[in-house]
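Everything below concerns the one structure shown next.
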Amino acid sequence: MKLNLHLTNKLVTPEEEDEQRYPWAYNKKTKWNDRMKKRAIIWLSQRVGKPVLKLTALDYEKNNLRELLDEYGKAEFANLFIFNALQHTITGWPGGKPNADDTQRPERALPYPKRVAVFAPHPDDDVISMGGTIRRLVQQGNDVHICYETSGNIAVGDEEVRRFMHFVNGFNQLFADSKDEVVRDKYKEVKQFLKSKKEDEPDNKDVLTLKGLIRRGEARIACEYNGVPKQKMHFLDLPFYETGRIIKRPLSKDDVQIVLDVLREIKPHQIFIAADLADPHGTHRICTDAVLAAVDLERQANAEWLKDCRIWMYRGAWAEWEIEDIEMAVPMSPEELREKRNSILKHQSQMEFAPFLGGDERLFWQRAEDRNRETANRYDALGLASYEAIEAFVEYKF
């Protein structure tokens, strides 16, 4: 199984990618299909600075798109075709709207409610990438499960451990039985390790466990805020991640089996997976591979639940889908975007001092808001309804 939509390992220069995506702009022969037509007209709209429905025959002719006029007959017909295609990606019902005609909707109306499995590579990728959609799915009565694929422990700073240890020490002094030495002894061990830890020295098992516990607690609070109950939170702690270092192990059968077990338990009608492969340390790619490998095993086994399942790919802190690739766009109001921000802020260890923000100085909640607003602005510029923000998804065909 191979991911499409530029999710390959092939390296091309930006110029080569542009030439592949927009051949007409380079006077190259174009193989036209519906997706390429959509891309061309969106490109034209952005190039001339007009909404799609205001494009003229002259705009097409001046920009090497005369072939589209020949096919559609008039600019108005080409414009309307693409405008309707864009309009049909927008939905306020990401799990499908029951008792509604779903002919032009991105998700089917039935079954309802749907069982939904959201796979998050790290314990905050769910809310960063699709926090608004998760709240909408829950509020509309769907059975939403959040599956955290890794512990995320190496992305917690030592100061966060110290902060929680101060609390535990105080709690212990106030309430612990005088015979209870376990907490006291472990506290001393961890405190001594952190005190003597050298720069770039990897954490020991106890510290990694504590850091994972911190992230797990933050994820629980965020899930509760979004209406996802404790029994529908799944902490998978995939083994490939647990090296204590940035470099991870290769994906193994054990990783895939863990994902396979949770899929068989949930039997979802919808799966949401990360396709944000710009993640600088590769964890997202491995996590996506684990889910797709598990799905492929179920497909080979002719699993009944998979016959009525769709897979949606999201992107998060590192990139966004091109407009022509988006197949489901879930709009958010200003209040909903604020609620999404609140859910991201529950991950306190990933705010100001998160170790892996990358070269982008914006915090994760700022990146998410900017990205979602930009998607909404691009839809607005094309002549669609004006929303505060939009989360975008592409269906994975398997």
Side-chain angles (χ1 to χ4, degrees), residues 2-91 104-106 275-278 311-315 318-331 371-385 387 390-397:
K2 292 183 179 179
L3 285 172
N4 53 14
L5 300 175
H6 310 291
L7 304 186
T8 66
N9 289 314
K10 184 179 179 182
L11 297 177
V12 296
T13 66
E15 293 77 14
E16 289 172 331
E17 184 175 4
D18 263 2
E19 188 171 330
Q20 292 171 11
R21 291 180 68 81
Y22 314 112
W24 58 87
Y26 294 85
N27 294 312
K28 302 285 187 180
K29 184 174 178 57
T30 304
K31 295 180 180 179
W32 294 108
N33 53 34
D34 285 349
R35 185 168 169 226
M36 190 63 86
K37 293 170 191 173
K38 185 179 180 183
R39 177 180 296 167
I41 297 176
I42 290 171
W43 172 88
L44 179 61
S45 171
Q46 294 169 336
R47 182 176 177 82
V48 301
K50 293 181 182 179
V52 168
L53 293 179
K54 291 187 177 181
L55 296 173
T56 66
L58 190 59
D59 294 325
Y60 282 83
E61 291 173 355
K62 282 186 173 181
N63 290 280
N64 297 332
L65 292 174
R66 175 73 202 188
E67 286 180 88
L68 293 183
L69 290 182
D70 294 338
E71 177 165 346
Y72 286 100
K74 296 177 68 175
E76 291 89 332
F77 297 153
N79 296 346
L80 193 58
F81 171 79
I82 297 305
F83 181 85
N84 287 336
L86 290 167
Q87 183 68 45
H88 295 154
T89 65
I90 301 173
T91 181
Q104 303 294 344
R105 291 177 177 272
D276 198 352
L277 305 185
I311 300 178
W312 293 98
M313 301 186 291
Y314 62 77
R315 286 184 169 175
W318 313 100
E320 183 56 287
W321 298 111
E322 297 293 339
I323 292 292
E324 66 265 22
D325 292 333
I326 295 172
E327 294 176 276
M328 181 162 67
V330 181
R371 178 174 55 86
N372 295 156
R373 283 198 175 104
E374 175 60 22
T375 302
N377 290 340
R378 292 170 73 185
Y379 267 79
D380 183 22
L382 292 168
L384 282 300
Y387 296 103
I390 288 177
E391 291 177 336
F393 304 87
V394 170
E395 186 178 359
Y396 177 79
K397 309 295 195 303

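Please read these numbers as outputs of a predicted model, since none were measured by experiment.
Using a 4.0 Å cut-off between charged side-chain N and carboxylate O, Glu320 and Arg315 make no salt bridge.
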Identify every side-chain donor-acceptor pair in residues 377-384 under 3.5 Å, counting partners at least two apart or on other chains, and give the distances.
unit_1	atom_1	unit_2	atom_2	d
Asn377	ND2	Arg373	O	3.3
Arg378	NH2	Glu322	OE1	3.4
Tyr379	OH	Thr89	OG1	2.9

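Ile42 places a side-chain heavy atom less than 4.5 Å from the side chain of Leu86. Tyr314 places none of its side-chain heavy atoms less than 4.5 Å from the side chain of Trp312. You'll find the side chain of Trp32 reaches within 4.5 Å of the side chain of Leu68, heavy atoms only. For the pair Thr375/Ile326, a side-chain contact is recorded, criterion being any heavy-atom separation below 4.5 Å from C-beta on. Met313 is not listed as a side-chain neighbour of Phe393, based on a closest heavy-atom distance of 4.5 Å or more.
Nearest heavy-atom pair across Pro331 and Ala329 is CD-O, 3.4 Å. Annotation for Lys29 and Pro23: closest pair O-CB, 4.1 Å, computed over non-hydrogen atoms.
Asn33 meets the side-chain contact (heavy atoms from CB on, under 4.5 Å) test with Arg35, Met36; sequence neighbours excluded. In this structure Glu324 satisfies the salt bridge (Lys or Arg N to Asp or Glu O under 4.0 Å) test together with Arg21, Arg39, sequence neighbours excluded. Listed by chain and residue number, Lys50, Thr56 satisfy the side-chain hydrogen bond (donor to acceptor under 3.5 Å, both in side chains) test with Asp59 (two or more places apart in sequence, or in another chain). Residues forming a salt bridge (Lys or Arg N to Asp or Glu O under 4.0 Å) with Arg105 (at least two apart in sequence, or on another chain): none. With sequence neighbours excluded, the residues that form a side-chain contact (heavy atoms from CB on, under 4.5 Å) with Glu19 are Tyr26, Lys28. When the side-chain contact (heavy atoms from CB on, under 4.5 Å) test is applied to Asp34, the partners found at least two apart in sequence or on another chain are Lys37, Phe81. Under the salt bridge (Lys or Arg N to Asp or Glu O under 4.0 Å) criterion, Glu67 pairs with no residue at all, not counting sequence neighbours. For Arg47, the salt bridge (Lys or Arg N to Asp or Glu O under 4.0 Å) test picks out no residue, with sequence neighbours left out. Here Glu61 pairs with Arg66 under the side-chain hydrogen bond (donor to acceptor under 3.5 Å, both in side chains) rule; sequence neighbours left out.
Atoms NZ and CD1, on Lys397 and Ile311 in that order, are 11.0 Å from each other to the nearest 0.5 Å.
When the options Val48, Leu65, Asn63 are evaluated for a side chain to side chain contact (heavy atoms under 4.5 Å, CB included) with Leu55, the one that passes is Val48.
A distance-only check finds a donor-acceptor pair linking the side chain of Asn64 to the backbone of Trp24 [under 3.5 Å]. The main-chain N or O of Glu395 is found under 3.5 Å from a side-chain atom of Glu327 such that the two form a donor-acceptor pair.
Applying the side chain to side chain donor-acceptor pair (under 3.5 Å) test to pairs two or more places apart or on separate chains, those with a residue in residues 74-84 are Tyr60-Asn79.
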